[in-house]
Amino acid sequence: MKPAITYELLHECKQTGARRGVIHTPHGDIQTPVFMPVGTQATVKSMTPEELKEVNAQIILSNTYHLFLRPGHDLVKEAGGLHQFMNWDRPILTDSGGFQVFSLGQLRKISEEGVEFQSHLDGSKKFLSPEKAMEVENALGADIMMAFDECCPYPSTYEYTKKSMERTTRWAKRCKDAHKRQEEQGLFGIIQGGFYKDLREKSAEDLISLDFPGYAIGGISVGEPKEKFLEVLNYTTPLMPKDKPRYLMGVGTPDYLIEAAIAGIDMCDCVLPTRIARHGTALTSQGKIVVRNATYERDFTKLDPECDCYTCKNYTRAYIRHLVKTNEILGIRLLSIHNIKFLTNLMDKVRIEIENDNLGNFKNDFYRKYGYIK
RNA sequence: GGGUAGGUGGUCGAGUGGUUAAUGGCACCAGACUGUAAAUCUGGCCGCGAGAGCGUACGAUGGUUCGAAUCCAUCCCUGCCCA
């Protein structure tokens, strides 16, 4: 059987060890390291698929939990699958609903069988299990599916994290057994274990024995300090197979993306660029700017002098501020376009610098300019 | 000219004798946001002060009262109705 997802390593940065590669999927190749915009409800909020292509999105995310609730996976299947439903012909990755176990807080109850959610839409009770998540993800038909896991909050005790991680591993096995379309969709396992090294090692070891076509690190970037994040990232990534994609879930900010690449990560996703866009903030080569602020009222320059996106080619900070202040949809759209392009441009540079064995220098330059180093 | 309803902080609008520097909404000023319960949330928003605090303030002036945005008198202004 030919696996749906394969990884090809092209080069390793001699300066940092970062990987430059390609992920082959049923909907085309993905150049890595890659940043994946998030489109929870079968749409990257405010952006058309054409615009996503224009900002160089190679692959986008969508969410099992949300589409399960509405419009329902049966409907998406009837539409011909998620690709056809939303008119996106490049790769898609679906998250399993595992993150909602974390983010819905009081609205869920976890058992060995699965998770009972109280729908955030109408309060009705819904149930997701590894089997149900696979049924939904199979119906959605994404190129990459994530196993159903539990993302532990930070901080969590060793005992709780251990139990949770072991259950996530059992769930991963059940996911694998329930996954019906292995030739069309690759199922990734998610390494958990919180902020405990031995638990991460155990999780990685057990999941690797299940032989998934790719692996993710889950449960970091959940509010911990950056040192903690880096610590877990740097001891967990080397545990992951070299011949398969490595995905760091839920990251992130420009510095985290660079750190992830250096650690040997191939894929990252984050809601940040689109969320802060809706809240009036732009990522720029000189740091983030809250363009909604009064300072930009009469600033007739572009968001980022170094950016080549549609927004920066055509509009000023003053105009975008005006749109944001007046609640005009276009402000959100222009900022979303810019922020995603900023991150895909960043990853373009990261890939080039890996090929040039120069990612370490690039990181230092970037940090200085962005303002991470004063 | 007569009658009537009103004049509150940037704005709209509560409050009708004391815990009122004065509820709310909006506007404004900031901050947060990392596998999206998020076009959301949090804080600030009379002046001076780091702060305790001090000073001004509910159309104007005068009065009643221990105490007034709230009661009384006169005046000014606005809406509506009648002539």
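Model, not experiment: these values are computed from the prediction. Lettering follows sequence order; numbering is per chain, from 1.
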### Message
Any side-chain to backbone donor/acceptor pair from D304(A) onto T284(A)? Under 3.5 Å, distance only.
### Response
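No, the answer is negative, given that no donor and acceptor are paired below the 3.5 Å cut-off.
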### Message
For the backbone of V232(A) and the side chain of T236(A), can you confirm whether one donor and one acceptor N or O come within less than 3.5 Å of each other?
### Response
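Indeed, once roles are kept as given, a pair shorter than 3.5 Å links the two residues.
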Between [M] and [N] - [atom1] atom distance, rounded Å:
{"N": "rG15(B)", "M": "rU20(B)", "atom1": "P", "value": "16 Å"}
{"N": "rG17(B)", "M": "rG7(B)", "atom1": "P", "value": "16 Å"}
{"N": "rU23(B)", "M": "rU4(B)", "atom1": "P", "value": "33 Å"}
{"N": "rU61(B)", "M": "rU11(B)", "atom1": "C1'", "value": "28 Å"}
{"N": "rU19(B)", "M": "rG51(B)", "atom1": "C1'", "value": "23 Å"}
{"N": "rU56(B)", "M": "rC48(B)", "atom1": "C1'", "value": "11 Å"}
{"N": "rG47(B)", "M": "rG31(B)", "atom1": "C1'", "value": "25 Å"}
{"N": "rC66(B)", "M": "rA30(B)", "atom1": "C1'", "value": "44 Å"}

Between [N] and [X], counting only base atoms on the nucleotide and side-chain atoms on the residue, is there a donor-acceptor pair under 3.5 Å?
{"X": "R275(A)", "N": "rA38(B)", "value": "yes"}
{"X": "N63(A)", "N": "rG35(B)", "value": "no"}
{"X": "S103(A)", "N": "rU36(B)", "value": "no"}

Which nucleotide in the set [options] lies at the smallest distance from any side-chain heavy atom of [X]?
{"X": "I329(A)", "options": "rA39(B), rC28(B), rA32(B)", "value": "rA39(B)"}
{"X": "C151(A)", "options": "rA37(B), rG35(B), rA39(B)", "value": "rG35(B)"}
{"X": "A294(A)", "options": "rU34(B), rC29(B), rU36(B)", "value": "rC29(B)"}

### Message
Need one value for K325(A): base, sugar-phosphate or nothing, where a base atom within 4.0 Å counts as base even if backbone is also close, heavy atoms only.
### Response
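The residue K325(A) makes sugar-phosphate contact but no base contact.
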### Task
Would you indicate what G219(A) reaches in the nucleic acid, counting non-hydrogen atoms under 4.0 angstrom: base, sugar-phosphate, or nothing?
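G219(A): base contact, heavy atoms under 4.0 Å.
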With a cut-off of less than 4.0 Å, is there a side-chain N or O of [X] near OP1 or OP2 of [N]?
{"X": "N327(A)", "N": "rA39(B)", "result": "no"}
{"X": "Q100(A)", "N": "rG35(B)", "result": "no"}
{"X": "T40(A)", "N": "rU36(B)", "result": "yes"}
{"X": "R292(A)", "N": "rU40(B)", "result": "no"}
{"X": "N293(A)", "N": "rC28(B)", "result": "no"}

### Task
Would you say whether H66(A) stacks on rU36(B)? The test is a distance between ring centres of less than 5.5 Å and an angle between planes of less than 30°.
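Whether judged by distance or by angle, H66(A) falls short somewhere, so it does not stack on the base of rU36(B).
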### Query
Under 30°, 30 to 60°, or over 60°: which ring-plane class applies to F229(A) and Y256(A), parallel, tilted or perpendicular?
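Aromatic pair F229(A)/Y256(A) classed parallel.
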### Task
Take atom CD of E297(A) and atom C1' of rC29(B), then tell me their distance rounded to the nearest Å.
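It is 12 Å, rounded to the nearest whole Å.
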### Query
Say you draw a straight line from CG of D143(A) to CD1 of I92(A); how long is it, rounded to the nearest 0.5 Å?
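Result: 7.0 Å between the selected atoms.
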### Query
Only one of K126(A), K109(A), R108(A), Q100(A) clears side chain to side chain contact (heavy atoms under 4.5 Å, CB included) with V115(A); which?
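Checked K126(A), K109(A), R108(A), Q100(A) against V115(A); only one passes side chain to side chain contact (heavy atoms under 4.5 Å, CB included): R108(A).
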### Task
Using the ring pair (Phe, Tyr, Trp, His ring centres under 6.0 Å) rule, pick out the option among F117(A), F148(A), F102(A) that qualifies with Y65(A).
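When ring pair (Phe, Tyr, Trp, His ring centres under 6.0 Å) is applied between Y65(A) and each of F117(A), F148(A), F102(A), only F117(A) qualifies.
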